[in-house]
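Just below is one structure, and these are the notes that go with it.
All heavy atoms count here, side chains included; hydrogens, waters and symmetry mates do not. Per chain, numbering begins at 1; letters A, B, ... match sequence-line order.
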Amino acid sequence: MDFDFTPDQQALREAIVRIVDDNRDLPRSGGVVEPRACHPATAMEQAFMQGGYLDLALEPGCGAVEAAILVYEAALSPLVMELGGAALVAPLLTRKALPRPVALARVEDLPRGVRFLAGARTVLVDCGDEVAVLDMTGREVAALEDPFAYPLGRLTAAPDLTSAQRLPGKGGELRRLWRIALALEAAAAMEAAVRFTTDYVKQRQVFGRPVGSFQAVQHRLSADAVKCRGVYWLAMKAAWSGSPLDAALAALHAQRAVPEVTYDTHQFNGALGMTLEHALHCWTFRLRWLMGEMGGERTHAADAATLAWPDAA
Amino acid sequence: MEFAWNEAEEAYRAELREVIATLPGDWWDAYAPHGPSSPRLMEHARTFNARLAARDLIVRHWPREYGGQDASAWQQIIISEEMWSIGEPRSSLYLGANWAGPAIMKFGTAAQKQKWLRAIAGGELLWCQGFSEPEAGTDLSNMKTRAEPVEGGYLVNGSKIWTSYAARADVMFLLARVGGKGKGGVSCFLVPMDTHGIEVRPIPGVHSRWDFHEVFFTDAFLPADALLGEEAGGWTIVQTIIHYERIGAGRYEKARRGLDHVVGRLKERGVWDDPVVRADCAAALALVEAARLQTYLVIDGRAKDSDPGAETYLARFAMIQADHAVANLSSAYLPDLLVDGADGHLRSQFNSAITAGIAAGAAEVQLNMISGRHLGLPRGA
Ligand SMILES: Cc1cc2nc3c(=O)[nH]c(=O)nc-3n(C[C@H](O)[C@H](O)[C@H](O)COP(=O)(O)OP(=O)(O)OC[C@H]3O[C@@H](n4cnc5c(N)ncnc54)[C@H](O)[C@@H]3O)c2cc1C
């Protein structure tokens, strides 16, 4: 066992953190933050592309853990960029780089709403046993607006998968990788929301003392911190192990943690947390979407139960 | 990053399992359910610990000079997992191996090391921990038990409470006050339980009839060499111990095996197909495995000799939640099997889980520590 990154992984992480931190300012006009639910991370995206980070998982000596580092660290930003599909799921599933952004969707969600579908060039569609690799050229997508902090979209026509490339028998693998990406993104968004809130309650005074000096506030944020770290470690282990059970547990734990973390962090930011100029929603309104992705916790729970305690043959 | 056991660790676990295989056939029914301080288990522990000692299995993680094999902290967590998960057949030997021994290594004199460490490694001693008092639980430094310096040693007066194992232990790791009030006056002593002036009274509990005790000291004389470390320097020792105590027992492993057992029972009852039941079990499993990884993070730090940080408290809180989640499944779906005698394995997990948020520091105290040390929040009013 060794919970530290290797020196190479550590160096990679530091480089990623620099890029994320250098490019995390919310766009402003006239001195105030632009009132938008979702802020795309354009500069961060460019930096990652220039540095060749998106194909990390395909480089010799690299794999799921390196991709996981990228997905997690980037998702700490209030700005949003598609990485789970392009940098983790697609390369590890297909062993090649697909045209990005790469959206991930269950087939039934295509006409309802899918994360990153607006602007996606590829969609990996979970069709049960098989995966459809959908080229989005020429397909009409309606972008969905507020409240979620992701660029969401839905297909305007009934999904036609006839022209899509098929990956038979890869459905389970897609779900495994998607769960890892989902758990990492949720872990990061929860961690960022807790850190942001912690900073806020340290300086906001009520009754002559910081909000964060009240034990009712401290205990809930502390319990939330335990959840964030729990999800993070489950997701990293799942990235490392390749086990479908580990991935299902990570996604399950992540989605179950979201309600309390989003509730607590919003509570402690008061009315300011309800505004679009305060960054909190950039994470919490990602989380509120992530909570239901892949069908929500019941799907991970059902798979985890079957994998952990298989019925006797 | 690496989440697998190495060969030496696997081999150690296999050896431990060979000794575990010698436990009586009615282990889960007659020994484990009433806890590691129950009379039958404690009595059996003496034979069991001798078997472990005969194969040098008890303190592999200690330095060779003290009877160990210089193995890493991972081996300590392996023995904790294997033992705690089946109801701790070593009984309170683990106190000595996990934290009393290391405290003696760090703060003891050469003579104290000679006297105590080999005996721990040899599995000869069952310990108890005399910290809490009626007015000093969470607020431990409020303790009143006094050790008056007298010719050749100390006279101890006062009382301890909630002391697990006390009625059958050989030795107590005692905190008593030599100096003034507060943390500054606390001192540590190593006290044979047959010392004249010590009286032990049991307090039956909901989790075990035999766990809690009150221990009274009436002019109990301790020789000068019973003092561990400096006079009035005990608080530093306590601080060191606490990290080892909080993350010492493999509670997540007991919860995991308990959960597997719950699922087996649910299958037998034909309710395993219910998606709600399956989802509840899966959610508990996620909590257990998250607690395991958070604990391993602490052990990783220990194995690398880094100073313990806030991870200890995060891990402990995660462990409390995992333990309760599994115990609650028993209550929710199999309450009739918790009845005495119905299913010793379930009862054993249930009994130890319900103490998890209080023993070794209240859950709320862990949260206080996380607030201060992990989040950096200002002290509460
Ligand atoms: C099964 C078991 C075995 C034990 N074995 C031993 C043993 O062998 N030796 C020994 O010395 N002790 C032992 N203890 C005692 C244990 O260490 C104490 O119970 C524990 O430290 C809490 O002290 P208390 O029970 O006096 O609770 P109190 O200090 O009275 O606290 C009661 C409750 O108040 C809350 N609380 C307290 N302080 C705070 C705070 N600052 N912020 C927020 N909430 C707070 C917590 O919820 C806490 O549980 C054992 C306890 C149990 C349950």
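- Side-chain contact between Trp309(A) and Leu285(B) is present, with at least one heavy-atom pair separated by less than 4.5 Å.
- The structure places CZ of Arg278(B) at 4.0 Å from OG1 of Thr306(A), a figure rounded to the nearest 0.5 Å.
- How far CZ of Arg229(A) is from CD1 of Ile370(B): 12.0 Å, rounded to the nearest 0.5 Å.
- Contact count versus chain A (heavy atoms, under 4.5 Å) is highest, among Ala283(B), Ala318(B), Gly264(B), for Ala283(B).
- Contact annotation for Leu221(A): both backbone and side-chain heavy atoms come within less than 4.5 Å of a heavy atom of chain B.
- Annotation for Arg204(A): atom CZ does not count as buried by contact number, only 12 or fewer foreign heavy atoms lying within 6.0 Å.
- For Arg256(A), the part lying under 4.5 angstrom from a heavy atom of chain B is the side chain only.
- Contact annotation for Val194(A): only side-chain heavy atoms (C-beta onward) come within less than 4.5 Å of a heavy atom of chain B.
- Ser222(A) places a side-chain N or O within 3.5 Å of a backbone atom of Ser371(B) that can act as its donor or acceptor partner.
- Across all their heavy atoms, Leu234(A) and Ala286(B) have their closest contact at CD1-O, 3.8 Å.
- A donor-acceptor pair is defined here as one N or O able to donate and one able to accept, closer than 3.5 Å; no such pair exists between the side chain of Lys237(A) and the backbone of Glu289(B).
- When heavy atoms are compared at a cutoff of 4.5 Å, Val65(A) approaches chain B solely by way of its side chain, counted from C-beta outward.
- Other residues, nucleotides and ligands contribute more than 12 heavy atoms inside 6.0 Å of the CD atom of Gln203(A).
- For the atom pair Trp5(B) CH2 and Met1(A) CE, the distance stands at 4.0 Å (nearest 0.5 Å).
- The two residues Gln9(A) and Met1(B) come nearest to each other via the heavy atoms OE1-N, 3.4 Å.
- Taking each heavy atom of His219(A) and Glu364(B) in turn, the nearest pair found is NE2-O, 3.3 Å.
- When the shell of 6.0 Å around CZ of Arg13(B) is examined, it contains more than 12 heavy atoms from other residues, nucleotides or ligands.
- The greatest number of non-hydrogen atom pairs below 4.5 Å with chain A, out of Ala291(B), Ala303(B), Gly376(B), Gly372(B), is found for Gly376(B).
- Within 6.0 Å of the CD atom in Glu260(A), the count of heavy atoms belonging to other residues, nucleotides or ligands does not exceed 12.
- Ranked by heavy-atom pairs shorter than 4.5 Å toward chain A, the options Phe317(B), Trp272(B), Tyr313(B) are led by Trp272(B).
- Taking each heavy atom of Ala290(B) and Gly230(A) in turn, the nearest pair found is CB-CA, 4.0 Å.
- Ranked by heavy-atom pairs under 4.5 Å with chain B, the list Tyr232(A), Phe5(A), Trp240(A), Trp233(A) is led by Trp240(A).
- There is no contact between Ser241(A) and chain B, counting heavy-atom distances below 4.5 Å.
- A distance of 9.0 Å separates CG in Leu375(B) from CG in Asp224(A), rounded to the nearest 0.5 Å.
- The shortest non-hydrogen separation linking Pro310(A) to Lys267(B) is O-NZ, 3.0 Å.
- Contact count versus chain B (heavy atoms, under 4.5 Å) is highest, among Glu297(A), Gln215(A), Lys202(A), Lys227(A), for Lys202(A).
- Side chains of Asp2(A) and Lys304(B) form a contact here, defined as non-hydrogen atoms less than 4.5 Å apart.
- In this structure, NE2 on His253(A) lies 9.5 Å from CG on Leu293(B), to the nearest 0.5 angstrom.
- At a cut-off of 3.5 Å, with distance as the only test, no side-chain donor of Asn368(B) or Gln218(A) sits close to an acceptor on the other residue.
- Closest approach of Phe3(A) to Asp300(B), counting heavy atoms only: N-OD2, 2.9 Å.
- For chain A, no part of Ile299(B) is nearby; none of its heavy atoms comes within less than 4.5 Å.
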